[in-house]
Novice: 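Quick one: structure below, then a few questions.
Every number for a ligand or one of its atoms is a count from 1 in the order of the listing. The figures that follow rest on heavy atoms only: side chains count, while hydrogens, waters and symmetry mates do not.
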Amino acid sequence: MATLFLKERVLERIKMNTWLDISPNSDFSIHNLPYGVFSTPSQRPRVGVAIGDQIIDLAAVAMRGYFQNLSIEPEVLEQPSLNAFIRLGKPTWQAVRKRLTDWLTQSDSPLQHLRNECLIAQSEAKMHLPLEIGDYTDFYASEAHATNVGTMFRGKENALMPNWKHMPIAYHGRASSIVVSGTDIHRPKGQFMPKGADQPVFSATQALDFELEMAAVIGKDTKLGTSLRPEEAKDYILGFVLFNDWSARDIQRWEYVPLGPFLGKNFASSMSPWVVPLEALEPFRVDGPEQQPEPLPYLQTSERRNFDINLEVAIQPEGGSEAIVSQTNFNNMYWSVGQMLAHHTVNGCNMRVGDLLASGTISGNEPNSYGSLLELSWNDERPVEINSNQTRTYLEDGDTVTLRGHAQRDGIRVGFGEVRTKILPSL
Ligand code: CA
């Protein structure tokens, strides 16, 4: 009883109200305040913060002198990427977040007076890729996903490689082809070995797949030669986005030995436009699965290392209605983002502002919680029903794939919006 009372009092303190009208189902509650880059027909790309169905134009706020005592020049916010703002450092992000929270919760605040000049309807804005991404690394940190793929590619006995439970496995991805939600992609071409054939063919992929992932945005450079502890991640990560790491399974399968993924992966990856701050996700930390065998000391952490974030994937065929094909949770990850960062830097490899660390496909243990069509259709064996008269083993031209994610607890919702992409025919 006493615990319950205490919990309610804590929540009372956490829960905040704003003068702005925000739907209780909005991903962009006052507890979120994610960063993005937007433009309007009359304004060049600039930094904004989402709130409800609006965007706070941070550049417009700064131009009116309201960030002067935070030492933020308006030019830093009139940029086509968040990088310059991120470089101001965590104390500045925290100060901006605090100021916006104060303004949104206090009536008669400067923002309330400036609402006509500084609040833009999201429906009138175009969202841009919010980062200049120098490097992108893709991990492979979901045990269910690694087990599923390993079982299909190598058999049940060899599903997890001997190294898998000792380190977060990853490869270096391609940053140049990362696009923002709303950017259509063309079906890629490449060479692959058709089933039963003895010579490879060159063709548009016959096995185009999505991968449901989350990606962390690096918020602080590390020095070449230095390493981070898992607990230090909170000072080096700005926040998270949804990430769809497109895959051409036939190209991937033919090329991946011995050096790993290449053209089957690097034709495109899609990300959501709003970077949800790590601070907004702190109330949703959970323990994560037990790690057995115990990892080496540099990967050990006693913190609650995972996040409880509901995730889903929808497919909408051309002219048809949308079907949810997967529902899972980010709390399924075996390796945490802190462990990924510790592993990535343990040899002295440096991180730079704007780099992305993607989680790898996020799959749960149930067949309807798998994060790719490869797994959902179990390598073509079980076509996925997407409505009464259509099934998919892989994606078809005209399909629109949408990833969504949100954390929710005790009436507080922090969401990621979506990453939506349409598949166009091969060029
Ligand atoms: Ca991936």
Side-chain angles (χ1 to χ4, degrees), residues 133 135-154 159-161 163-164 167-181 183 185 188 190 205 207-218 240-257 259-272 309 311-313 325-326 328-330 332-337 339-341 343-344 355-364 369-377 379 394-395 401-403 405 416 419 421 423:
I133 304 165
D135 280 296
Y136 149 50
T137 303
D138 193 25
F139 282 83
Y140 192 53
S142 154
E143 184 174 1
H145 172 69
T147 305
N148 287 340
V149 174
T151 303
M152 283 181 260
F153 279 44
R154 289 182 298 274
L160 281 189
M161 298 300 275
N163 55 11
W164 199 90
M167 59 176 152
I169 300 292
Y171 70 98
H172 284 127
R174 181 84 189 164
S176 67
S177 55
I178 297 175
V179 294
V180 74
S181 176
T183 310
I185 62 164
T205 176
L208 184 56
D209 200 355
F210 59 80
E211 287 191 337
L212 168 61
E213 305 196 14
M214 309 245 3
V217 176
I218 297 296
F240 284 89
V241 294
L242 297 167
F243 201 74
N244 184 345
D245 189 33
W246 301 100
S247 301
R249 300 296 180 195
D250 39 15
I251 298 170
Q252 178 186 2
R253 196 186 295 256
W254 174 232
E255 76 180 355
Y256 89 107
V257 178
L259 284 186
F262 187 43
L263 303 177
K265 296 280 184 177
N266 68 7
F267 57 94
S269 303
S270 303
M271 65 181 269
S272 53
I309 300 170
L311 299 166
E312 68 176 32
V313 184
V325 295
S326 177
T328 186
N329 195 298
F330 195 39
N332 283 317
M333 303 309 286
Y334 189 84
W335 296 104
S336 71
V337 69
Q339 291 174 315
M340 293 175 198
L341 199 50
H343 187 61
H344 207 323
D355 287 355
L356 286 185
L357 304 189
S359 61
T361 308
I362 303 160
S363 292
S369 67
Y370 296 165
S372 66
L373 278 173
L374 171 70
E375 296 162 271
L376 289 165
S377 73
N379 210 10
Y394 289 108
L395 296 166
V401 178
T402 305
L403 314 187
F416 291 80
V419 51
T421 316
I423 307 298

Novice: Got a donor-acceptor contact below 3.5 angstrom from the Glu255 side chain to the Phe262 backbone?
Specialist: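 Indeed, once roles are kept as given, a pair shorter than 3.5 Å links the two residues.
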Novice: Within the distance-only criterion (no hydrogens, no angle test), does the side chain of Ser270 pair as donor or acceptor with the backbone N or O of Ala268 below 3.5 angstrom?
Specialist: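 A pair under 3.5 Å: no.
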Novice: Test your reading of the model: is there a side-chain donor-acceptor pair from Arg249 to the backbone of Ala207, 3.5 Å cut-off?
Specialist: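 No.
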Novice: Would you please indicate if the ring centroids of Phe139 and Tyr334 are separated by under 6.0 Å?
Specialist: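 Ring centroids of Phe139 and Tyr334 are no less than 6.0 Å from each other.
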Novice: What about the rings of Tyr256 and Phe153, do their centers lie closer together than 6.0 Å?
Specialist: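 Ring centres of Phe153 and Tyr256 closer than 6.0 Å.
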Novice: Less than 6.0 angstrom separating the ring centers of Tyr140 and His145, yes or no?
Specialist: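 Yes, the ring centres sit under 6.0 Å apart.
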Novice: Take the Ca ion (ligand 1) as the centre and count protein N, O or S atoms at distances under 3.0 Å.
Specialist: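 The number of such protein atoms is 4.
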